[in-house]
Amino acid sequence: MADADLHPSPLPPVAATPATGTAPVLPLHDAAPLPTGLRLSMLLRCMAIQGSWNYEILVGNGVGFCVEPALRQLPGGVDGPLYKEALARQSVYFNAHPYLASLAIGALARAELDQVPPVRIERFRTALCGPLGSVGDRLVWAAWLPACSLVALLLFGFGWSPLGVMVGFLLLYNIGHLALRDWGLRAGWRFGLRVATALGHPVLQHGPRYIGLVSAVLGGLALPLAVHRAIGSQNPLSPIPMGVAVATPVLAVLLVRLQSRAEGWRVVLLLLAAFVLYSVVR
């Protein structure tokens, strides 16, 4: 397949309004879908976005490295001034969550091929740092990673081998993080400077809350089963751990519903009394 088939033709530049001399208005049309060859090249580079991380420009060099395949389509190619200026512009300070940085990479590549004025690209680039950092931290580090860890703990409680637990965790975690990177790249390319539309996606806005709720249930199921196995039991389906595993999320829902009508010390005292009664009867 010829190289031209793998890369899109650059979109025509938007001229300034002659009457006013004001900055051009961003075109509202969506770009053609990101070609597969270019998409895979940029996505593969996203895996190494932190490879040149440093305290001065953080992942700035990584962003330039990831955007570079798209910049080759600028008029004049890799030897032209547009390519060199764009690459230098994309290799300065940038800070974002490494997984959501692909959203910026797709949007910046689209902006450069649209030949948006450099000043506007630089302002847009700076404005992306905060939202991509905070949204990514909440979604990945505070939600997805703990949820995957609890799934691994649940697998351990059900008797999986250490190797199986590790493979299960890595598969689940990487399916999520690779899907997020790929979605970000395609969404950034599609929306360009209107990428705020993509930041309003329900997964980014509400995902941490729902994943947190699922994690609470997973924790209630996983902890008693994992502790039961850790103390030497070989049967994860015995009555005690299964009873605790079922009772924990039920108790959590009950406490949420009771809210201020049940004080914490009373609940703890009731649970202790139940365990003592069970020990005596047994």
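Nothing fancy with the numbering, it's 1 onward along the sequence.
- Scanning both residues, Met42 and Cys66, for their nearest heavy atoms gives CG-O, 3.5 Å.
- Residues Met47 and Leu178 are in side-chain contact: their nearest non-hydrogen atoms beyond the backbone lie under 4.5 Å apart.
- Nearest approach of Ala104 to Phe94, heavy atoms of both residues: CB-CZ, 3.7 Å.
- Leu171 and Leu163 fall within the same hydrophobic cluster, where Ile, Leu, Val, Met, Phe, Trp and Tyr residues are linked whenever their side-chain heavy atoms come under 4.5 Å apart, directly or through other members.
- Side-chain atoms of Trp144 come within 3.5 Å of backbone atoms of Tyr173 as a donor-acceptor pair (strictly under, hydrogens ignored).
- Contact check for Arg125 versus Val63: side-chain heavy atoms found under the 4.5 Å cut-off.
- Here the side chains of Leu180 and Val203 are not in contact, with every heavy-atom distance at 4.5 Å or above.
- Note that CD1 of Ile105 is 10.5 Å distant from CZ of Phe65, once rounded to the nearest 0.5 Å.
- With hydrogens and angles disregarded, a donor-acceptor distance shorter than 3.5 Å links the side chain of Arg110 to the backbone of Arg190.
- Using a 4.5 Å heavy-atom threshold, the side chains of Val195 and Leu103 count as touching.
- Residues Val135 and Tyr210 do not share a hydrophobic cluster, defined by chaining ILVMFWY side chains whose heavy atoms lie under 4.5 Å apart.
- Aromatic rings from Tyr99 and Trp141 are positioned such that their centres are separated by under 6.0 Å.
- Using a 4.5 Å cut-off between side-chain heavy atoms of Ile, Leu, Val, Met, Phe, Trp and Tyr, with links allowed through other members, Ile175 and Leu150 fall into different hydrophobic clusters.
- Residues Leu40 and Leu113 fall into different hydrophobic clusters, defined by Ile, Leu, Val, Met, Phe, Trp and Tyr side chains chained together at heavy-atom separations under 4.5 Å.
- Rounding to the nearest 0.5 angstrom, the gap separating the CD1 atom in Ile49 from the CG atom in Asn61 is 10.5 Å.
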Verdict with supporting geometry, Tyr55 and Trp53, ring-ring contact (aromatic ring centres under 6.0 Å, His included): CA-CA 7 Å; Tyr55 286 105; Trp53 189 97; 4.9 Å; yes
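- In this structure a side-chain-to-backbone donor-acceptor pair under 3.5 Å is present from Ser149 to Leu145.
- Minimum heavy-atom separation, Tyr83 to Val78: CD2-O, 3.2 Å.
- Residues Pro33 and Arg186 have side chains not in contact (no heavy-atom distance under 4.5 Å, counting atoms from C-beta outward).
- Panel note: side chain Thr197, backbone Arg194; a donor-acceptor pair is recorded below 3.5 Å.
- Between His97 and Asp137 there is a side-chain heavy-atom pair separated by less than 4.5 Å.
- When atom types are taken as modelled, the side chain of Arg181 and the backbone of Leu100 share no donor-acceptor pair closer than 3.5 angstrom.
- When every heavy atom of Gln90 is checked against every heavy atom of Val67, the shortest pair comes out as CG-CG1, 4.3 Å.
- In the hydrophobic cluster analysis, where Ile, Leu, Val, Met, Phe, Trp and Tyr join through side-chain heavy atoms closer than 4.5 angstrom, Val92 is grouped apart from Val116.
- Of the residues listed (Arg123, Arg89, Glu112), the one engaging Pro118 in a side-chain contact (heavy atoms from CB on, under 4.5 Å) is Arg89, and it is the only one.
- Rounded to the nearest 0.5 Å, atoms CZ (Phe169) and CG (Leu155) are 11.0 Å apart.
- The pair Asp79-Lys84 does not count as a salt bridge, with every side-chain nitrogen at least 4.0 angstrom from each carboxylate oxygen.
- Using a distance-only test at 3.5 Å, with no hydrogens or angles considered, no donor-acceptor pair links the side chain of Asn95 to the main chain of Tyr93.
- For the atom pair CG of Leu153 and CG of Leu218, the computed distance is 10.0 Å after rounding to the nearest 0.5 Å.
- For Ala107 against Gly192, the heavy-atom pair with the smallest separation is CB-O, 3.4 Å.
- Closest heavy-atom contact between Gln205 and Leu199: NE2-O, 2.7 Å.
- Here NE2 of His177 is found 11.0 Å from CG of Leu170. Values are rounded to the nearest 0.5 Å.
- Distance check, rounded to the nearest 0.5 Å: OG of Ser91 to CG of Leu87 gives 4.5 Å.
- With hydrogens and angles ignored, the 3.5 Å screen pairs a side-chain donor or acceptor of Asn54 with a backbone N or O of Glu56.
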